[in-house]
Enquirer: 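Starting off with a structure, shown below.
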Amino acid sequence: MNTPTDDILKNLTEDQLTAVTHLDGPMLVVAGAGSGKTRVVTRRIAFLISQRIWPSQILAMTFTNRAAREMQERIGRLVGDVPRHVGTFHSCCARFLRQYVEALDDGRTKDFVIFDADDQKALLKQCLNDQPATGGLLPGAISDLISRAKSACLTPHDILAKEAWDNAETVLEVCQAYENRLRAQNAVDFDDLLLLVARLLRERPAIREIIHNHFRYLLVDEYQDTNHLQYELLKLLVNPANNNIHATGDPDQCIYSWRGADYSNIMNFEHDFPNAVIVRLEKNFRSSEHILNVASRLISNNLNRIDKTLIPAIAADDPQKVRLVTVGSDRDEGLWIARRIKTLHLNGNPYRTMAVFYRTNRQSRALEEALVRAAIPYQIIGGLRFYARREIKDLLAFLRLKVNPADRISLERVAAFRGGVGPKTLAAIEQCAREQHLEAFTLLCQPDFAHRWQKKNAKVLDFANWCRQLHDLPCTPVGQAVAAVHDFADFTHHAYDREGTPEARQENLQEMITNAIHYEREHDQAGLNEFLQEVALVADVDTHDLDRDTVIMMTLHCAKGLEFPYVFIAGVEEDYLPHANTVADPDQVEEERRLFFVGITRGREEVALLNARSRPSWDGDWGRQPSRFLRELPMDDIIHTTFNVNNPTVPKPTFRRW
DNA sequence: GGCGACCAATTTTTT
DNA sequence: ATTGGTCGCC
């Protein structure tokens, strides 16, 4: 008889089976690229459920929304029940925080809002403006400092002690002001989501106990990419009585050390969780032999690594060598890829079997053009994030203000959107609000605002009246709330001047309303703040529509965890891969090599690497050098060709010597 | 004090 | 190409 458990355990290797059926105690699965890691994680969750563990007792954390979604789908297919707590570190923490934030006693309430990178910078700019003599300090540099500090469980002070900064005193004051204002606005930044949960678990034993009793099994994906904060958080989350933590990862795929990922976490797992069972998955079920040879040789050039092999487990009839294509220019690069895609498609391969990877988002433009010209359908994953678009951020600002009147960043945005009230007037209103111990927006919404506002200029009274109407719009159901705000602010007729396509903006706004309606259908009781939380944490809403047959384009970082029969990696050149900003530091070059390794190991049947001899810079063409990594590859597994159609543009000399 | 016009700088990777 | 900042006008 075919019980669900048979399905869950079928087609697994012995090592995979060990990993799937492990029950209690810590386990680390060191899973090489293509060794069936996702399969192991999803099957194990299904297995736990089949062993009568309640789905709600399982907490599984990933790094990306896509990984979380995929995991949920695959579990759903194996067992009917999907654990509720499958999500990114950030979304899981947001959920805990929503529930327990008030125990922190720092003034934040469960209606807190999440500030994204843009909001963070806007807030820092305010802090900088309030400080005299902040000459030359950039919000970006400070937000970077704050984030680095938080993700390393340090203070900005600790970091400044080790680095030479100009006017360190001022920087620290700005950091302090930033934290104060976040708290005053009932807001948290991305790192706070994890940091505050860690603090709760550390400082509130009662909550720690609730969590420990609730979650019996903890799973972590991509353990090599955990930063120190995530590591601390995990140690606090796991119940010391059983140490049921199940981590999977591959040190060779650590590509996020720039944001604090520390693969010594995975190296130290045995030490941190004594008696851990370690399983190594080294058989590769994904790529052809040539691809694996190329990838293995490449990664063996990293000095800082434990030697590890990828054993090919599939034998293709006619394995394709890895193609190395040297093209004359970026236009040829796009053209070659487009032609190859066409050929593959004519041979019966759907577009969705092909993916184009690149190092930086800006490279996508030229490639996109080539695909458009060749009438090849494509989707770009990542890149300009939907919720970071101007019109979307505007609409969100209205919604956020309704949920949280203390959100001053949003109030500013809303005022700027409407016009008539600028920064100076707003500051005056804020001053007045402070005297009356109200938030500025709350003051504006008071029915007796006219009494409370001494200088009765008509513009401000108008604005207050308008704010009150905004405030009175319904917050539920979510779909209607979003639509109501959209109509109230008259987005349809808003003049977004001198910018490309007004139609695109209207479409985006419509999509936002549609998303809200969908969200409302799927989450019965959800309020506006839950919707806003979801929105803040979903990076790519123009997500990968699997139903559409298109070529997929994305950065190498985005590609981790995916696989495609046909893979193209563009711009395998010095300054892109390794990126120019990394070449001074050998450790960073090793990370670039891992990134390249991740890209190559995504391919099942054929991988093509392209390098252009010239590529336009902002002014004229610049010659380009092939990546140093290309010299490290085994030529027996590679076919090198050149391709020159568009006139190779000769690099202009930077100056003329006569 | 607000707003539009013009000019500069900008991009490594993401939750 | 897009955004952010500064200048001068209303």
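Lettering follows sequence order; numbering is per chain, from 1. Bear in mind that the values here come from a model prediction, so they are computed numbers and not experimental data.
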Enquirer: Could you please name the option among dT14(B), dG4(C), dT15(B) that lies closest to any side-chain atom of Lys125(A)?
Expert: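 Per side-chain heavy atoms of Lys125(A), the pick is dG4(C).
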Enquirer: Could you label the plane-to-plane angle of the Tyr519(A) and His523(A) rings as parallel, tilted or perpendicular, counting under 30° as parallel and over 60° as perpendicular?
Expert: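 The arrangement is parallel - the two ring planes meet at less than 30°.
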Enquirer: Here's a test of your reading of the structure: between His579(A) and Gly422(A), which maps to the more 5' nucleotide of DNA chain B?
Expert: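 With His579(A) and Gly422(A) compared, the 5'-side residue is Gly422(A).
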Enquirer: For the side chain of Thr555(A), starting at C-beta, report the closest nucleotide among dT15(B), dG2(B), dT13(B).
Expert: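 Nearest to the side-chain atoms of Thr555(A), counting from C-beta on, is dT13(B).
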Enquirer: Taking the six-membered ring for Trp, does Phe89(A) stack with dT15(B) (centroid gap under 5.5 Å, planes within less than 30°)?
Expert: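 No; centroid distance or tilt outside limits.
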Enquirer: May I ask you to evaluate whether Asn361(A) reaches the phosphate of dT14(B), defined as a side-chain N or O under 4.0 Å from OP1 or OP2?
Expert: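 True: Asn361(A) side-chain N/O within range (under 4.0 Å) of dT14(B) OP1/OP2.
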Enquirer: With distance as the sole test, does Ser143(A) use its side chain to make a donor-acceptor pair with the main-chain N or O of Lys121(A) at under 3.5 Å?
Expert: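 Such a contact is absent between Ser143(A) side chain and Lys121(A) backbone.
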Enquirer: Is the distance from OP1 or OP2 of dT15(B) to the nearest side-chain N or O of Ser91(A) less than 4.0 Å?
Expert: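 So the side chain of Ser91(A) is outside the cut-off, no N or O lying under 4.0 Å from OP1 or OP2 of dT15(B).
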Enquirer: Please compare Leu595(A) and Leu426(A) by the position of their nearest nucleotide in DNA chain B and report the one closer to 5'.
Expert: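 Nearer the 5' end of the strand: Leu426(A).
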Enquirer: Consider the side chain of Lys424(A), meaning its heavy atoms from C-beta on, and name the nucleotide among dT15(B), dG1(B), dA1(C) that approaches it most closely.
Expert: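 Within the option list, the nearest is dG1(B).
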Enquirer: Between Trp466(A) and Phe398(A), does a ring pair (Phe, Tyr, Trp, His ring centres under 6.0 Å) hold up when you go through it step by step?
Expert: CA-CA 12 Å; Trp466(A) 182 82; Phe398(A) 281 84; 5.8 Å; yes
Enquirer: From dG2(B), dT14(B), dT15(B), pick the nucleotide closest to the side chain of Cys558(A)?
Expert: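 Shortest atom-to-atom distance from the side chain points to dT14(B).
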